[in-house]
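When reading the values below, keep in mind they use all heavy atoms of this one structure, side chains included, and skip hydrogens, waters and symmetry mates.
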Amino acid sequence: MARKMIDVGDAAPDFELSSQAGQRVRLSDYRGKKCVVLYFYPKDYTPVCTAESCAFRDAYEDFKDAGAEVIGISSDSERSHRRFAADNRLPFILLSDEGSKVRELYGVPATLGLLPGRVTYVIDKQGTVRMVFSSQLHYQRHVDEALELVRSLATAWK
C-alpha cells in the first residue's frame, strides 16, 4: 500500500543512504545548517532525468549562494550514480535508494503505476517541507520553482 505523500508543512522524514562516493549521508546532517533541495527522479541516463540533473547542475552555484544543498535520489546503484555524475559533471550528491525505501517513506507516487515519480522537495533549515513539486515531464520547473523558493527563504533568514 502506498504511503501518503509528504506535504508542505510536514517534518521531512530523516533517512540515511549511500552517495555516489560511497559515503553515508543523512538528511539530518543538514538540519540547522542548510536548506535542502531533495529531488527524486526515475533513473540515471534517461532523457528527462539527464536533462533535469543537468538543469540542477547549471543552477547549482545559485542554490549554493542562497544557502541550499541539492541532493538527487533514485533507485540506481552507487556505481551507476558515480558514472552518471561524472559523465554529466554533476557537482552535487546523488543518493542510491535501492529498494525505494526512502521514495516510499516520502510517498512519492508512481506515474501510471509503473514509472517512479519525479518529485522535488524544498526542506528548510529546521527540517520542514516548504515546497513539493511533482511533474514527470516539466523538469525545468522543478529547478526554477525550487530556486525561487530557496532565494525567498534566504532573504527571510537575513
Side-chain angles (χ1 to χ4, degrees), residues 5-44 48-76 78 80-82 84-97 100-109 116-158:
M5 193 166 156
I6 298 300
D7 206 352
V8 172
D10 291 344
D14 196 19
F15 59 82
E16 182 176 329
L17 293 172
S18 291
S19 73
Q20 74 265 37
Q23 298 170 316
R24 299 300 287 176
V25 175
R26 293 176 60 103
L27 179 63
S28 58
D29 293 343
Y30 298 93
R31 194 161 298 135
K33 299 173 190 159
K34 290 184 173 196
C35 184
V36 174
V37 176
L38 189 65
Y39 78 99
F40 288 86
Y41 65 100
K43 188 150 184 58
D44 292 345
V48 177
C49 295
T50 301
E52 177 185 30
S53 295
C54 290
F56 273 113
R57 174 200 66 205
D58 295 347
Y60 184 64
E61 290 302 317
D62 295 327
F63 281 106
K64 278 181 46 178
D65 290 348
E69 186 55 60
V70 174
I71 300 174
I73 298 181
S74 80
S75 60
D76 293 293
E78 287 176 35
S80 177
H81 281 337
R82 203 169 21 258
F84 185 62
D87 289 349
N88 292 289
R89 301 179 332 276
L90 305 179
F92 48 82
I93 297 168
L94 296 179
L95 298 178
S96 179
D97 185 23
S100 299
K101 289 180 176 46
V102 175
R103 184 177 289 278
E104 290 173 16
L105 180 64
Y106 276 71
V108 176
R118 181 183 315 283
V119 179
T120 298
Y121 297 87
V122 173
I123 302 163
D124 68 17
K125 289 182 184 180
Q126 292 73 39
T128 302
V129 175
R130 300 294 296 268
M131 182 195 93
V132 178
F133 183 75
S134 177
S135 173
Q136 198 63 274
L137 299 176
H138 296 103
Y139 69 87
Q140 186 65 48
R141 286 188 54 204
H142 286 262
V143 177
D144 295 344
E145 295 198 16
L147 185 56
E148 182 179 333
L149 178 59
V150 166
R151 283 177 169 155
S152 72
L153 291 173
T155 301
W157 290 330
K158 289 182 180 179

For the OG1 atom of Thr50 and the CZ atom of Arg57, what is their distance to the nearest 0.5 Å? 10.0 Å
Does Arg151 come within less than 4.0 Å of Asp62, counting only side-chain N to carboxylate O? yes
Ile123 CD1 to Leu153 CG distance, which is reported to the nearest 0.5 Å: 12.0 Å
Can you list the steps and then say if Phe92 with Val37 is a side-chain contact (heavy atoms from CB on, under 4.5 Å)? CA-CA 11 Å; Phe92 48 82; Val37 176; over 6 Å; no
Closer than 3.5 angstrom, by distance alone: can the side chain of His81 be matched with the main-chain N or O of Leu95 as a donor-acceptor pair? yes
Got a donor-acceptor contact below 3.5 angstrom from the Tyr121 side chain to the Tyr106 backbone? yes
I need the minimum non-hydrogen distance between Ser19 and Glu78, along with the two atoms involved. O-CG, 3.4 Å
Under the 3.5 angstrom rule, does the side chain of Arg26 hit a backbone N or O of Phe15 as a donor-acceptor pair? no
Where do Ser134 and Met5 come nearest, in terms of heavy atoms and distance? CB-CE, 4.3 Å
Measure across Asp76 and Lys43 and return the closest heavy-atom pair with its distance rounded to 0.1 Å. OD1-NZ, 3.0 Å
Flag yes if more than 12 heavy atoms outside Arg24 fall under 6.0 Å of its CZ atom; otherwise flag no. yes
Test log, rule side-chain contact (heavy atoms from CB on, under 4.5 Å), inputs Val36 and Ile71: CA-CA 7 Å; Val36 174; Ile71 300 174; 3.9 Å; yes
Under-4.0 Å salt bridge between Arg103 and Asp97: no
Quick check against the 3.5 Å criterion: does Arg118 have a side-chain atom that pairs as donor or acceptor with the backbone of Phe40? no
Answer yes if the side chains of Asp14 and Ser28 hold a donor-acceptor pair under 3.5 Å, and no otherwise. yes
Is any side-chain heavy atom of Asp144 closer than 4.5 Å to a side-chain heavy atom of Leu147? no
Heavy-atom nearest pair, Leu137 first then Val48, reads O-CG1, 4.4 Å
Tyr30 vs Val25 side-chain heavy atoms within contact, under 4.5 Å: yes
Separation between CG (Asp87) and OG (Ser80), nearest 0.5 Å, reads 9.5 Å
Between His142 and Glu52 the two heavy atoms that sit nearest each other are CG-OE2, 3.6 Å
For Gln126, does its backbone N or O pair with a side-chain atom of Asp124 as donor and acceptor, under 3.5 Å? yes
Can you tell me how far apart CG (Asp44) and OG (Ser74) are? Round to the nearest 0.5 Å. 4.5 Å
Rounded at 0.5 Å granularity, tell me how far CD1 in Ile73 sits from OG in Ser100. 10.5 Å
Passing candidate, side-chain contact (heavy atoms from CB on, under 4.5 Å) with Val132, options Thr120, Ile6, Val119: Val119
Is there a side-chain contact (heavy atoms from CB on, under 4.5 Å) between Tyr60 and Leu90 once you walk through the steps? CA-CA 9 Å; Tyr60 184 64; Leu90 305 179; over 6 Å; no
What closest approach, in Å, do Ala85 and Gln20 show between heavy atoms, and which atom pair accounts for it? CB-NE2, 3.9 Å
Counting only heavy atoms from other residues, nucleotides and ligands, does the tally under 6.0 Å from CD of Glu148 exceed 12? no
Euclidean distance, Arg82 CZ relative to Ser96 OG, rounded to 0.5 Å: 10.0 Å
Carefully, step by step, assess Val122 and Val150 under the rule side-chain contact (heavy atoms from CB on, under 4.5 Å). CA-CA 7 Å; Val122 173; Val150 166; 4.0 Å; yes
Residues Tyr39 and Ser53: side-chain donor-acceptor under 3.5 angstrom: yes
